[in-house]
Structures are given as structure tokens and as C-alpha cells.
2 protein chains.
Amino acid sequence: MKVLIIEDDPLHRSYLNEAIRAALPECDGVLEAENGNTGERLARDCKSAHIVMDLQMSQRNGIEAARTIWKERPETRILFWSNYSDEAYVRGVSRIVPVGAVYGYVLKSASDDRLKLALRSIFIESQCVIDREVRGMQQRSLGNVNGFTEAEYEILIDIALGLTDRAIAQRRNLSVRSVQNRLQQLYIKLGVHQPLGNQDDDGRFNLRARAVAVAFLRKLLNHSALERAETDLTAWLARQPHG
Amino acid sequence: MKVLIIEDDPLHRSYLNEAIRAALPECDGVLEAENGNTGERLARDCKSAHIVMDLQMSQRNGIEAARTIWKERPETRILFWSNYSDEAYVRGVSRIVPVGAVYGYVLKSASDDRLKLALRSIFIESQCVIDREVRGMQQRSLGNVNGFTEAEYEILIDIALGLTDRAIAQRRNLSVRSVQNRLQQLYIKLGVHQPLGNQDDDGRFNLRARAVAVAFLRKLLNHSALERAETDLTAWLARQPHG
DNA sequence: CGGGACCTTGCGGGATCCCGCAGAAAAAAT
DNA sequence: ATTTTTTCTGCGGGATCCCGCAAGGTCCCG
């Protein structure tokens with residue numbers, strides 16, 4: 001059994017290396033990659049089916065790397081080892097995990113033992129391991145309670161990218177009015193909606209821009225999510241009939 | 001001489017600790033704090049005038065911590081040790097550094113030697129040390145060439161927060177039209193401006209929202225900058241005469 | 001089958017945004 | 001001190017956004 005580490009921080013990389021050797025005596029080789037690109041290549045070349053990776057790397061996003069890796073070999077087992085449990089990350093991961101795949105998500109703030117336990121659970125026992133904190137976020141997010149629908153999240157991304165109502169309608173195959181409906185819904189859920197009678201601070205906020213701001217502050221959006229969305233958008237723009 | 005470390009990652013903390021002891025034999029005590037809050041308190045209590053800190057911590061932003069520390073004791077020497085050289089960070093730092101203060105900014109990706117050299121330069125030689133990469137960004141940013149004026153940066157933040165033109169005018173003591181002028185200027189510099197005759201992709205983008213998006217993508221803005229701006233905003237809102 | 005909950009769509013209007021035009025004021029250059 | 005450049009400001013209009021209202025449409029449940 002070989003394990004591939006994809007992580008851009010050298011300290012964390014060597015720490016991981018040590019933890020893997022300690023937790024998995026049956027492991028007979030640890031490979032290291034310092035960004036998503038070489039990570040993908042190594043995964044492809046070495047056919048390693050066991051990966052530990054960081055989200056948030058400078059060269060190529062962890063989520064993108066994971067997506068292509070899983071696209072090529074869906075049975076690959078991936079443990080995401082991340083600093084944060086931003087909703088944007090969690091949502092991004094659960095969006096790309098293939099059905100029936102074995103994976104994990106543990107925070108870097110977790111203890112030694114938790115990490116080693118997760119390594120054994122995923123790579124040996126074939127069991128998913130999601131950190132308590134992450135799981136809580138996931139439940140809250142995907143459950144209806146105060147969580148965001150896929151449609152709402154989608155339109156949030158669209159306005160974060162700076163698209164107009166018309167462009168969104170075009171992209172999502174909706175009428176302009178429907179787009180606006182979803183926007184209103186989003187504004188309400190984000191707590192941005194202006195209560196009408198209120199003359200005090202009425203008109204202080206541009207709802208569209210404000211929605212994006214609070215989404216960022218709540219970590220519903222983050223840089224890598226925006227980056228992914230941007231590449232998706234340019235791809236879509238490219239295959240649009242100009243005009 | 002005592003040195004205070006403010007850094008939330010345990011691995012990096014212990015690495016720093018070791019580096020400090022190796023590079024500064026005259027150092028007779030290293031304190032550690034794992035977030036900005038306890039860092040500020042320790043700095044105040046122990047009167048330590050030598051600090052190494054990370055930007056980007058979960059509890060309290062490094063820049064905010066540095067601001068309050070420098071406000072109390074401007075002669076404190078701070079070495080910022082960060083993962084990234086986002087323009088948002090660099091700008092945030094150079095905005096709060098007191099005149100004549102000794103400080104440094106080195107990236108975590110720098111070599112052992114560079115870090116140790118920086119430690120000696122700042123704490124012993126009283127000499128500022130800015131990483132090459134960071135310095136390059138700083139020059140490009142503060143110089144006129146493709147850089148952003150303070151006014152432009154200010155209004156960028158205002159629209160990123162979701163304020164309306166009117167609110168911005170009120171806040172910055174300008175007429176609405178002037179705000180719009182600055183916005184146009186910003187749109188042009190961000191490369192967001194719609195060339196008029198272009199019917200192809202005309203109307204695809206909401207300039208205001210798009211500007212924020214590209215600012216984020218270019219790392220002109222990031223989460224912590226937005227967070228700081230938000231607290232500033234709420235403070236301003238609180239002392240506004242409602243109505 | 002009928003009723004209810006939900007989503008979609010069109011219409012219309014008020015508010016806001018984007019911006020060209022042009023004069024006034026301020027700052028910088030000569 | 002005068003010219004030049006930049007910035008600020010008001011006016012006005014077209015485009016966009018925000019949203020109430022109302023007429024379908026789909027899906028589920030009794």
C-alpha cells in the first residue's frame with residue numbers, strides 16, 4: 001500500500017509523513033507533492049489509491065485536484081486535511097465526492113490520535129470519517145434548517161461573479177423574473193432584506209452587493225470557491241454564441 | 001531580551017520557537033500565544049518589544065492585533081510571518097505601521113536562513129526586512145503604475161461591503177456624483193469597464209458586483225480585509241444619527 | 001378529482017445605478 | 001501669478017435592479 005500526500009506546507013508535509021508511517025505500518029511507501037498539479041500527476045502515474053491532501057494550495061486548488069483524480073479513478077480514497085471548515089469548502093467537497101466513495105475530512109487542529117484514527121478508518125476499514133465540527137456544519141447546511149438550497153447557492157455564486165439578472169437567466173435557463181425571485185429569497189435567508197417601513201437605515205445597502213459581502217463574512221463563499229466559479233463561468237462564456 | 005510568538009498553528013509555532021533560539025542566542029525567553037487576543041494581552045503584560053506573528057488567525061486578525069499593540073507601544077518590533085503576499089495583507093500592514101517603526105514581512109515559504117537573518121536584522125540591527133516578493137508587490141501597488149490610489153481602494157471596500165452610492169457619499173463626505181466618478185475610475189482600473197460599442201457581451205456584468213469579484217480574484221481584497229472593513233462600518237453606523 | 005404548497009412567468013412602477021455633459025473648485029505645474 | 005490638470009458637483013436620461021401583484025404550472029396529499 002502506498003500513500004500520496006498533497007500539501008504545500010513543508011512542515012505539515014513532514015508531520016503527515018510521520019503520522020502516516022506511525023499509523024499505517026502496512027504502508028510501504030509515501031509520496032509527496034507540493035501542489036495540486038504534481039499531485040494529480042503522481043496520482044495518475046503511481047496509481048496510488050490512498051491520498052491525504054490539503055484544500056487551499058496556491059498552485060492548484062485541492063478541490064479541483066480531487067475532482068480530476070476522482071473522475072479518473074472514483075475508487076480512490078481521499079482524506080482532506082484542512083485548516084478550516086468553511087461552508088464553502090465543505091460544500092465544495094460534498095459536491096464532488098462520487099457515490100459510494102470512501103473519504104474523510106479532518107481539521108488540522110485535531111489531535112494526533114484523531115488524525116491517525118482517521119487514517120486507519122479510511123484506508124484500512126473503508127469507513128468515512130468526518131470531523132465533528134465539519135459534520136455539524138454539513139448537517140446545518142444541507143438540512144433545510146437555516147441552510148441554503150442548491151438553487152440559492154447557485155444564484156449566490158452568480159451574483160458574486162458579477163453577472164446581471166439577464167445573464168443569470170440565460171445561463172440557468174430561467175426567466176429574468178424567476179432569477180429575481182430567487183434573489184429575493186436569498187436576500188431574506190441572508191438576513192439582508194430591508195424591512196419596508198424602516199426609514200432609519202433604509203437605502204444604506206445595495207442588496208446585491210451586500211448579499212455577497214455577508215456570504216463572504218459567513219464563509220459561505222471564499223476565494224477558492226470564487227475561483228472555481230470563475231473558471232466555470234469563462235468556460236460557459238466561451239461556448240456561448242456571441243450576441 | 002524576550003520574544004513573543006503569535007501564531008495559531010502549533011507546528012509553525014514550535015518551528016518558530018526553535019528558529020528564534022538558534023538565531024538569537026541573546027534571547028532569554030520565548031513566549032507563545034495562539035491567537036491575537038492572548039497575543040495582545042501577553043504583549044501588554046510582559047512588555048515584550050519583540051514579536052513574531054502570523055497574519056490570518058481565526059480568533060483575532062494579526063493586523064488588528066498589531067494595530068492595537070503598536071498603538072500602545074509604537075517602538076515594538078514586529079516581524080510578520082505569513083503564508084501569502086496578498087495585496088490586501090501588504091496594504092493592510094503598511095497602513096498601520098507607525099512612522100519610524102522597525103518591522104519585517106517574510107513569507108513562510110522562505111528558507112530557514114532567510115528567516116533567521118530577518119530575525120537578527122530586525123531585533124538586533126534595527127533594520128526593516130521585507131521579502132523580495134512582498135516588496136515587489138508593494139512597489140507595484142503603491143506606485144502609480146497599475147496601482148490603486150487610497151481613494152480607489154477606499155471606495156472598493158465600500159462597495160464590497162454592499163453600501164449604496166448615497167451611503168458612501170455620506171460616509172466619505174462627498175456628493176453622490178463624486179462617488180460615481182470614483183466608481184467609474186475604479187471600474188476602468190479593474191478592467192471591468194464595458195467598451196460601449198461592444199454588443200457581444202454587453203450587459204452580461206453588473207459592474208459594481210463584478211468589480212468586487214475581480215478584486216477578490218486578484219487578492220486585492222480578502223476575508224480579513226473585509227472583516228476589518230465590516231467592523232469599521234458598524235462602528236460608523238453606530239455613531240450615525242439615525243435617519 | 002379538488003385543494004394546497006411551491007415554483008415560474010409577465011407586467012408595471014419606483015428606486016438605484018451607470019455615465020455623458022459641462023461648469024465650479026481645488027491642486028499641481030509652469 | 002497664470003496656466004494646466006485634476007477633482008468635485010449638479011443635471012438628466014437610459015438601463016438595471018427590487019419587488020408587489022396576479023395568472024398559470026407542477027407535484028403531492030387527502
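Order of the sequence lines sets the chain letters (A, B, ...), proteins ahead of strands, with each chain counted from 1.
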> What is the distance, to the nearest angstrom, from the CG atom on A:L207 to the C1' atom on C:dG14?
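Taking atom C1' of C:dG14 as the reference, CG of A:L207 is at 14 Å.
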> Starting from the 5' end of DNA chain C, give me the residue, A:S178 or B:R208, whose nearest nucleotide shows up first.
A:S178
> Expressed in angstrom and rounded to an integer, what is the separation of B:Q180 atom CD from D:dT16 atom P?
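In whole Å, D:dT16 P lies 16 Å from B:Q180 CD.
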> Evaluate the salt bridge (charged side-chain N to carboxylate O under 4.0 Å, His left out) criterion for residues A:D158 and A:R172: first the C-alpha distance (whole Å), next the side-chain angles of each, then the deciding distance (0.1 Å), finally the verdict.
CA-CA 10 Å; A:D158 284 338; A:R172 306 300 182 186; 2.8 Å; yes
> Looking at every strand, decide which applies to B:R172 at a 4.0 Å heavy-atom threshold: base, sugar-phosphate, or nothing.
nothing
> Does a side-chain N or O of B:S175 approach OP1 or OP2 of D:dT9 to a distance below 4.0 Å, or not?
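Answer yes for this pair, as a side-chain N or O of B:S175 is under 4.0 Å from OP1 or OP2.
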> Could you tell me the separation between the CD1 atom of B:I159 and the P atom of D:dT16, rounded to a whole number of Å?
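Atom-to-atom, B:I159 to D:dT16, this comes out as 18 Å.
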> Can we say A:E227 and B:K219 salt-bridge, meaning some charged N sits less than 4.0 Å from an Asp/Glu carboxylate O?
no
> Separation of A:R166 atom CZ from C:dT9 atom C1', in whole Å?
17 Å
> Does OP1 or OP2 of C:dC18 have a side-chain N or O of B:H193 closer than 4.0 Å?
no
> Could you check whether A:R91 makes a cation-pi contact with A:Y153, meaning its NZ or CZ is under 6.0 Å from the centre of the six-membered ring and within 45° of the ring axis?
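So A:R91 does make the cation-pi contact.
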> Counting distance alone, no hydrogens or angles: does the base of D:dT9 have a donor or acceptor under 3.5 Å from a partner atom on the side chain of B:N181?
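In this structure, the two groups form a donor-acceptor pair.
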> Can you tell me whether the side chain of B:Q184 and the base of C:dC18 have a donor-acceptor pair closer than 3.5 Å?
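It does not, because no donor-acceptor pair links the side chain of B:Q184 to the base of C:dC18 below 3.5 Å.
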> In whole Å, what is the span from the CG atom of A:D165 to the P atom of D:dC19?
11 Å
> Rounded to whole angstrom units, what separation is found between the CG atom of A:L163 and the C1' atom of D:dA15?
17 Å
> Can you see whether B:Q56 engages B:Y84 through a side-chain donor-acceptor pair at a distance of less than 3.5 angstrom?
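Note: B:Q56 and B:Y84 side chains miss the donor-acceptor criterion.
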> Distance criterion of 3.5 Å, no angle test: do you see the side chain of A:R177 paired donor-to-acceptor with the base of D:dG24?
no
> Measure from CZ on A:R210 to P on C:dC17 and round the result to the nearest Å.
15 Å
> Distance check needed: D:dG25 P versus A:L174 CG, whole Å only.
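Nearest whole value for this atom pair: 18 Å.
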> Does the pair B:E152/B:K189 count as a salt bridge with the N-to-O cut at 4.0 Å?
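Salt bridge flag = yes for B:K189 with B:E152.
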